[in-house]
Amino acid sequence: MRIFKFGGASVKDAAGVRNVYDVLQKTGFDDVLLVVSAMGKTTNALEVVIKDYFDKSAALQSSVQEVRKYHNAILLDLFDDDKHAVFAAVNQLFAELEFFLAQNKSPNYNFVYDQVVSMGELISTTILAHYMNYRGVKTHWIDVRQFVKTDNTYRDANVDWELTQKNISKNVKKKVLNITQGFLGSDENNFTTTLGREGSDYTAAIFAYCLGAESVTIWKDVPGVMNADPRYFENARLLNQISYREAIELAFYGATVIHPKTLQPLQRKEIPLYVKSFLNPELPGTAVSKGADLEPHLPCFIVKKEQLLISLSSIDFSFIMEENISEIFGLLHQYKMKVHLIQNSAISFSVCVDDKFGNFPQLKTTLSKKFKVSYNENVSLYTIRHFDEKAAKMVEKDKAVLLKQVSRETMQIVTKDPENIL
Ligand code: ADP
Ligand code: ASP
Ligand code: MG
């Protein structure tokens with residue numbers, strides 16, 4: 001079986017949905033499992049719904065309406081007859097969402113988040129499945145929550161591999177076109193969980209691993225994995241082949257084209273990963289597979305924006321030692337800060353982190369009891385794998401460098417974003 005993952009960008013409008021059909025015509029679809037994300041920016045739109053819900057905002061109705069209108073426009077474009085069963089199916093999902101918002105009593109933000117945000121993938125796969133059937137392609141829609149079992153860490157759930165493996169090997173039908181949702185799972189009480197933002201690539205890898213799939217293809221709006229994000233770098237070049245190791249490193253440092261959790265399950269079973277353009281499906285894209293250093297070493301650039309650089313120094317000039325460091329890391333973990341770079345000297349310690357959950361104010365209060373805390377918000381972290389002098393110069397040009405770290409393969413530079421330079 002082959003696993004195909006179509007992300008939000010590939011199904012952002014009716015043309016995108018039609019294109020999925022066209023891609024399948026070219027690739028064949030007899031023994032394929034499609035993992036599909038929410039359409040376009042639906043997950044962000046549902047995050048607004050959640051915010052309005054918790055703020056008890058009068059805008060709640062209209063933010064739900066926005067999501068409904070967006071999908072409705074796609075449906076009207078795709079289906080000639082507005083009596084088609086898909087309209088009722090999608091309405092039913094919105095009714096479930098509204099019922100949940102009206103009835104929920106749980107004050108747990110992360111729990112509510114997962115129950116609401118999951119609607120994006122349920123709606124997109126419902127539309128896709130109906131559209132394929134409408135075009136004469138028989139599909140088998142599956143609710144991923146009956147397959148991918150997780151703990152109850154809402155918004156960042158951990159997969160229970162044993163249960164998931166059991167469910168998938170017993171119940172996924174072979175030799176048909178399966179369609180399922182990326183990003184979602186369910187806990188032991190069957191409440192919906194999610195695997196972390198952008199987690200649909202990971203879902204594809206979970207199915208591939210449990211099915212011992214032939215390959216995974218993630219269909220993107222770029223030609224494949226490039227040596228830089230083409231949104232930020234003009235002359236980005238396609239990498240034709242890379243090793244799992246290189247791909248893991250790139251994803252780890254923040255090349256968002258592949259979700260970092262995707263590679264490990266694939267590597268363990270040596271399942272090849274193809275990253276291909278949904279606009280040019282006949283082009284080979286990038287192949288990620290076993291083998292050391294498949295690519296001649298081109299410098300690869302990764303940028304992470306909106307990072308936070310925290311620098312701690314001891315109040316009394318004492319050393320920052322193992323004990324303090326483990327305490328600092330304990331706190332970073334507790335406040336869900338993702339650490340991307342560490343640098344320390346005798347009496348100071350700096351970390352560049354992603355404060356995705358906005359917990360820095362609390363962390364700062366706690367840290368200030370023991371350390372002098374200084375920080376820069378909104379910094380950018382540039383990573384250059386296989387750097388050379390020219391590449392380093394290019395990144396440093398016109399920027400205020402706050403911190404730099406060099407290892408054999410990798411150079412990392414923290415800079416103030418240009419608008420913040422005084
Ligand atoms: P999806 O639709 O599957 O969610 P994403 O938007 O998450 O797709 O990923 C595709 C995007 O990743 C591209 O549009 C591109 O801007 C970005 N990207 C970041 N780093 C790279 C890279 N090294 N190569 C290609 N694309 C990259
Ligand atoms: N829809 C989810 C998100 O936007 C998952 C994904 O697209 O991978 O984060
Ligand atoms: Mg995405």
Side-chain angles (χ1 to χ4, degrees), residues 3-13 16-17 19-20 23 34-48 50 67 113-114 116-125 144 148 155-157 180-185 192-206 216-240 242 246-262 273-279 285-286 288 295 298-305 356 381-386:
I3 314 293
F4 287 176
K5 182 259 174 172
F6 284 93
S10 67
V11 290
K12 68 179 194 315
D13 50 23
V17 176
N19 184 60
V20 172
V23 170
L34 293 187
V35 173
V36 183
S37 304
M39 294 177 143
K41 302 269 180 246
T42 298
T43 308
N44 295 0
L46 287 165
E47 284 184 341
V48 175
I50 296 155
V67 183
Y113 182 100
D114 283 359
V116 171
V117 95
S118 51
M119 281 299 159
E121 272 69 13
L122 292 169
I123 297 169
S124 67
T125 50
V144 75
V148 176
R155 291 182 80 181
D156 197 14
T180 199
Q181 305 79 36
F183 179 51
L184 316 183
T192 305
T193 56
T194 61
L195 306 175
R197 284 298 310 258
E198 304 295 330
S200 294
D201 291 353
Y202 183 40
T203 306
I206 295 169
V216 173
T217 307
I218 52 181
W219 297 94
K220 298 277 171 176
D221 59 357
V222 283
V225 180
M226 311 183 79
N227 77 325
D229 185 338
R231 274 181 305 178
Y232 304 122
F233 292 80
E234 258 175 21
N235 300 314
R237 285 167 55 187
L238 178 68
L239 306 174
N240 300 308
I242 50 175
E246 188 63 39
I248 287 172
E249 296 279 359
L250 291 174
F252 170 81
Y253 285 115
T256 53
V257 64
I258 308 176
H259 188 279
K261 283 186 179 169
T262 312
L273 170 68
Y274 302 105
V275 182
K276 288 174 60 121
S277 160
F278 58 72
L279 295 170
T286 301
V288 183
E295 186 69 25
L298 208 59
C300 292
F301 302 86
I302 300 140
V303 56
K304 273 183 169 290
K305 304 224 166 208
K356 246 200 295 195
L381 170 63
Y382 289 86
T383 302
I384 318 173
R385 298 261 310 147
H386 318 299

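For clarity, every value in this text was computed on a predicted model and none was experimentally measured. Indexing begins at 1, ligand by ligand and atom by atom, following the structure's order. Sequence positions, counted from 1, serve as the residue numbers for this chain.
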Distance (rounded to the nearest 0.5 Å) between [X] [atom1] and [Y] [atom2]:
X: Tyr274; Y: Phe4; atom1: OH; atom2: CZ; value: 11.0 Å
X: Thr383; Y: Phe252; atom1: OG1; atom2: CZ; value: 9.0 Å
X: Met226; Y: Arg237; atom1: CE; atom2: CZ; value: 10.0 Å
X: Gln181; Y: Thr125; atom1: CD; atom2: OG1; value: 4.0 Å
X: Ile3; Y: Leu273; atom1: CD1; atom2: CG; value: 11.5 Å
X: Ile302; Y: Leu381; atom1: CD1; atom2: CG; value: 9.0 Å

Which of the atoms in ligand 1, numbered in the order shown and given with their element, are less than 4.0 Å from a heavy-atom of [X]?
X: Gly7; answer: 1 (P), 2 (O), 3 (O)
X: Glu198; answer: 4 (O), 7 (O)
X: Thr256; answer: 7 (O), 9 (O), 12 (O), 17 (C), 18 (N), 19 (C), 20 (N)
X: Gly8; answer: 2 (O)

Original post:
Around the Mg ion (ligand 3), how many protein N, O or S atoms are there at under 2.8 Å?
Top reply: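 Atoms of protein N, O or S type lying less than 2.8 Å from the Mg ion (ligand 3) total 1.
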Ligand 1 to [X] polar contact by distance, N or O atoms, under 3.5 Å:
X: Lys220; value: yes
X: Asp221; value: yes
X: Ala9; value: yes
X: Arg231; value: yes
X: Val225; value: no

State if [X] counts as touching ligand 1 under the rule of any non-hydrogen atom under 4.0 Å.
X: Ser37; value: no
X: Lys5; value: yes
X: Ala236; value: no

Original post:
Looking at Tyr232, is Lys305 sitting on its ring face, NZ or CZ under 6.0 Å from the six-membered ring centre and within 45 degrees of the normal?
Top reply: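 Yes, cation above the ring, under 6.0 Å and within 45°.
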Original post:
Looking only at non-hydrogen atoms, which of Asp229, Leu250, Asp201 approaches atom 16 (O) of ligand 1 most closely?
Top reply: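 Comparing heavy atoms across Asp229, Leu250, Asp201, the nearest one to atom 16 (O) of ligand 1 lies in Asp229.
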Subject >> Per atom 25 (C) of ligand 1, closest listed option by heavy atom (Gly199, Gly224, Ser200, Gly40) >> reply: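 The residue whose heavy atom sits nearest atom 25 (C) of ligand 1 is Gly224.
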Subject >> Contact summary for Val20 and Ser10, nearest pair of heavy atoms >> reply: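 Closest pair (atom of Val20, atom of Ser10, distance): CG2-O, 4.4 Å.
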**OP:** Over all heavy atoms of both residues, which pair between Pro230 and Val222 is shortest? Give the atoms and the distance, please.
**Re:**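 Nearest pair, atom of Pro230 first, then Val222: CG-CG1, 3.7 Å.
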Would you find a donor on one side and an acceptor on the other, under 3.5 Å apart, between the side chain of [X] and the backbone of [Y]?
X: Thr286; Y: Val225; result: yes
X: Asn227; Y: Leu298; result: no
X: Asn240; Y: Gly285; result: no

Subject >> Cys300 and Leu250, any side-chain heavy atoms less than 4.5 Å apart >> reply: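 Yes, side chains in contact.
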**OP:** Would you mind reporting whether Arg385 and Glu249 have side-chain heavy atoms less than 4.5 Å apart?
**Re:**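 The answer is yes, as the side chains (C-beta and beyond) meet within the 4.5 Å cut-off.
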Original post:
ligand 1 versus Val222, non-hydrogen atoms closer than 4.0 Å: side chain, backbone, both, neither?
Top reply: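 The side chain, only.
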Original post:
If you measure from each non-hydrogen atom of Ala228 to ligand 1, which part falls under 4.0 Å: side chain, backbone, both or neither?
Top reply: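 Under 4.0 Å from ligand 1, Ala228 contributes backbone atoms alone.
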**OP:** Anything with a heavy atom under 4.0 Å from ligand 2 counts, so go ahead and list those protein residues by chain and number.
**Re:**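 These residues qualify: Ser37, Ala38, Thr43, Glu121, Phe183, Arg197, Glu198, Gly199, Ser200.
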Could you pull out all donor-acceptor pairs under 3.5 Å where a side-chain atom in residues 198-206 meets a protein atom, sequence neighbours excluded?
residue: Ser200; atom: OG; partner: Ser37; partner atom: OG; Å: 3.0
residue: Asp201; atom: OD1; partner: Lys5; partner atom: NZ; Å: 2.8
residue: Asp201; atom: OD2; partner: His259; partner atom: N; Å: 3.0
residue: Thr203; atom: OG1; partner: Phe183; partner atom: N; Å: 2.7
residue: Thr203; atom: OG1; partner: Gly199; partner atom: O; Å: 3.4

Check residues 38-48 and write down every donor-acceptor pair under 3.5 Å in which the side-chain atom is one partner and the other belongs to a residue at least two apart or another chain.
residue: Thr42; atom: OG1; partner: Met39; partner atom: O; Å: 2.5
residue: Asn44; atom: OD1; partner: Arg197; partner atom: NH1; Å: 3.0
residue: Asn44; atom: OD1; partner: Arg197; partner atom: NH2; Å: 2.9
residue: Glu47; atom: OE1; partner: Arg197; partner atom: NH1; Å: 3.4
residue: Glu47; atom: OE2; partner: Tyr113; partner atom: OH; Å: 2.4
residue: Glu47; atom: OE2; partner: Arg197; partner atom: NH1; Å: 3.0

Original post:
What is the closest protein heavy atom to atom 23 (N) of ligand 1, and at what distance does it sit?
Top reply: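 Scanning the protein heavy atoms, the shortest distance from atom 23 (N) of ligand 1 goes to Met226 O, 3.0 Å.
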**OP:** Among all protein heavy atoms, pick out the one at the shortest distance from atom 27 (C) of ligand 1; state its residue, atom name and that distance to 0.1 Å.
**Re:**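 Answer for atom 27 (C) of ligand 1: Val257 CB, 3.5 Å.
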Original post:
Going by distance alone, is a donor N or O of one side chain under 3.5 Å from an acceptor N or O of the other, for His386 and Glu246?
Top reply: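 Yes, Glu246 and His386 have a side-chain donor paired with an acceptor closer than 3.5 Å.
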Original post:
Between Thr193 and Asp114, do the side chains contain an N or O donor and an N or O acceptor separated by less than 3.5 Å?
Top reply: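 Looking only at side-chain atoms, Asp114 and Thr193 do not form any donor-acceptor pair under 3.5 Å.
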**OP:** Using protein heavy atoms only, decide if any is under 4.0 Å from atom 20 (N) of ligand 1.
**Re:**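 Yes, because at least one protein heavy atom sits under 4.0 Å from atom 20 (N) of ligand 1.
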Original post:
Which class fits the ring pair Phe6 and Trp219: parallel under 30°, tilted 30 to 60°, perpendicular over 60°?
Top reply: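 The rings of Phe6 and Trp219 lie parallel, inter-plane angle below 30°.
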